[in-house]
Enquirer: 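The structure is given below, and queries will be raised subsequently.
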Protein chains: 2
Amino acid sequence: MKLKSDKDEVTLKDIAEVVGKSVAAVSRALNDYDDISPDTRAYIKQVAQEMGYKPNLLAQRLQKRATDSLGLILPVLSPRNADPFFSELLGGIANEATTQGFDLLVSTCTQGDEENQAYSRLIEGRRVDGIIVAHPRWHDTRISLLTEQQFPFIIVGAVLPELKHLCVTDDVTEGATQIVNHLIAQGHTKIALINTTLDLISSSNFLAGFQKAMLNAGLTINQNWLESCNTTPKDGYQTAQLLFSRVETPTAIVTADDVLALGVIAAAHDQGLEVGHDLAVTGYGDILLAEHSHPPLTTIERPTYTLGQHACRLLINRLRNQSLGPETVLFKPSLVIRQSSDLALWL
Amino acid sequence: MKLKSDKDEVTLKDIAEVVGKSVAAVSRALNDYDDISPDTRAYIKQVAQEMGYKPNLLAQRLQKRATDSLGLILPVLSPRNADPFFSELLGGIANEATTQGFDLLVSTCTQGDEENQAYSRLIEGRRVDGIIVAHPRWHDTRISLLTEQQFPFIIVGAVLPELKHLCVTDDVTEGATQIVNHLIAQGHTKIALINTTLDLISSSNFLAGFQKAMLNAGLTINQNWLESCNTTPKDGYQTAQLLFSRVETPTAIVTADDVLALGVIAAAHDQGLEVGHDLAVTGYGDILLAEHSHPPLTTIERPTYTLGQHACRLLINRLRNQSLGPETVLFKPSLVIRQSSDLALWL
DNA sequence: ATTATAAACTTAAAGGTTTGAGGAGTCAAA
DNA sequence: TTTGACTCCTCAAACCTTTAAGTTTATAAT
């Protein structure tokens, strides 16, 4: 026999009745106000503990007009699409959010109208206090919307040219340069690029890094060898086939994404090319499979999980302390050389 | 110039003042109660619209003592681990949740103590109305906890033996049987199995299907060829190496997961084996990369996205309508035959 | 003329917490 | 004896919405 049914939650009022004090006193005691005597405070805390009191978050949130939640909207190219970047980013964000006592609200949308609706839903419903925007684009309507509404947000995956926002990213330009320099050091001169879709700011960064390294080495960039596509194996496969159909073909293909690169490798195999020997292929991101593809993929290690953690932390800091100005965190990329681009490693 | 600053939200009270009615009348009008005259109702709705009224979700939720949120906790083996199954499942869940007006709250945890903490956090904080549990295990403490607390939940990825819970899954046993039958039809008799970790209920199901097909064909199961590991490429790689080191080696390796299978393929390559020719390898799940691995991977197509959708829908139905009893949804798997197991497809 | 009925509202409480303002009591200094 | 200060509380409003119960006014029935 229980005093309270399992379903009835203990409230401040219940505690107040037991200890014979006002609800306010109980609240203040539990929140460590110093205008409650130490004895009473200890007693109240003990009773609260014994009664199994858990504050009602909804009431607290209504009171302080904050949701203690962050929003993340995942872009969905197709139902079957599952970009490891987002899962890993999500991991970092979710972990940090929990640490900071925040909830993470995730929703999905396809690009286009649905995307703006998804953002409006979060903002207008005041479902979250801040939003994390991944992979910003040129003329990004999400960012316009958030800026217009003066809604707190942080960008992951590129630094906006205006420099007036919170941004966390790895240095994609630098990463691209490192990759290309590595290929040049391997003796390659005929280097192709398969970039991610050009609306992404990061794709421009990647291109910039690519160009910089090529020009620096005095190499010309063949416009027939510049392509871009979505980050799926299939797209990588098809775009590689396109390159193979050119009259002149490259000896190395630089890609801006690992998943895409795995598609390129598959295409090369089907073309009868031995990757790492006849053709060098590189990726970006160092997903788990990069190490265990055939051959293992040369790529740039991107601290995706850490990116998520930092983005989350920075955004929460911003929410807690209005005074902070724009801030940018840039992670240095590191090159991971594997057989797909290195003859010396090839047996 | 605006009447209200951007930051001040319009409340029922504001509308009430403008239309000269009580707050209750406004609330009732907006909620289509029929004890408000049609004229007034229309007028109030129009004013609300013009003033840009958006109901305060926190207040609504406090009022009706429900969060309109679902919880999903992602297991994290390592920061770098990103299981496509979960991303895809997440997609289906998130999509359906939004459709139904629910929010999806995601958090992460490593297995063990942290996991129970994560679930307690959701339950005790009443952060969500229901929880989706993926990949149930034997003696699953998550399920004990939820059952004890009488908290609504649904299980994805297996049907519990007790049959008293909501469950949505694909028929893993059937899938395993199909795979093995296919290999047997290809002439294989020396078939090894690399299962997922044995604490998962689905791994038992997979094993059951495997055994059934083997026994049915009169084949003996070699205990030296039964292994299990985590679903990462590295684990698959290492476990395959283990199999290759046996005195007698199989001609086919069945695995219970695509990602794991890709690791097996890499190991086979490094061993000098031509997958699809010298060795058949099969996976489970039909992730995007399965079609573009080298060689393309024979696998079972799992409707992961749909699994998520259905789980979400069923759980919400349960929350809305207490009367429903236990329910189980089982999806039939379908075999996708590719070069990794079929000589006829091999050139 | 009285009573019942219905329409169109309003009032007030409830949901649980936080917090500024204020009050009662004690003690000490002037 | 007043004044002030201090300690330890309580009151009541506020956050915003929903809803059970009640009120007013008009209309119809008896």
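Lettering of chains follows the sequences in order, A, B, ..., and the numbering in each one begins at 1. Quick caveat: nothing in here was measured; it's all calculated off a predicted structure. Heavy atoms only: backbone and side chains are in, while hydrogens, waters and symmetry mates are out.
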Enquirer: Quick one: side chain to side chain donor-acceptor pair (under 3.5 Å) partners of K64(B), sequence neighbours excluded?
Expert: D68(B)

Enquirer: What's the shortest heavy-atom distance between V159(A) and C167(A), and which atoms?
Expert: CA-SG, 3.9 Å

Enquirer: Got a donor-acceptor pair under 3.5 Å from the side chain of D35(A) to the base of dC8(D)?
Expert: no

Enquirer: State, to 0.1 Å, how close L315(A) and G130(A) come at their nearest heavy-atom pair, and which atoms those are.
Expert: CD2-C, 3.9 Å

Enquirer: Over how many whole Å does the gap from L58(B) atom CG to dT18(C) atom C1' extend?
Expert: 15 Å

Enquirer: What is the distance, rounded to the nearest whole Å, between atom CD1 of I36(B) and atom P of dA6(C)?
Expert: 18 Å

Enquirer: Among residues two or more places apart or on two chains, list those pairs meeting ring-ring contact (aromatic ring centres under 6.0 Å, His included) that have a residue in residues 14-71 of chain B.
Expert: none

Enquirer: Take atom CG in D32(A); do more than 12 heavy atoms of anything else shown fall under 6.0 Å from it?
Expert: yes

Enquirer: For E162(B), give me all partners under side-chain contact (heavy atoms from CB on, under 4.5 Å), at least two apart in sequence or on another chain.
Expert: L160(B), K164(B), H165(B)

Enquirer: Which atom names give the shortest non-hydrogen contact between F151(A) and I131(A), and what distance separates them?
Expert: CE2-CG1, 3.7 Å

Enquirer: Within this structure, what is the CZ-to-C1' distance between R126(B) and dG15(C), rounded to whole angstrom?
Expert: 12 Å

Enquirer: Using a cut-off of less than 4.0 Å, is there contact between a side-chain N or O of S37(B) and OP1 or OP2 of dC9(C)?
Expert: yes

Enquirer: Quickly work out the I15(A) CD1 to dT17(C) C1' distance and round it to whole Å.
Expert: 12 Å

Enquirer: Considering only residues two or more places apart or on different chains, which pairs with a residue in residues 95-105 of chain B satisfy salt bridge (Lys or Arg N to Asp or Glu O under 4.0 Å)?
Expert: R121(A)-D103(B), R127(A)-D103(B), R61(B)-D103(B), E96(B)-R313(B)

Enquirer: When the C1' atoms of the five terminal pairs at each end define the local axes, what inter-axis angle does the helix from dA1(C)-dT30(D) to dA30(C)-dT1(D) show, to 10 degrees?
Expert: 80°

Enquirer: For nucleotides 14-19 of chain D, just jot down a letter per nucleotide in 5' to 3' order: B, S or -, based on protein non-hydrogen atoms under 4.0 Å.
Expert: BBBBBB

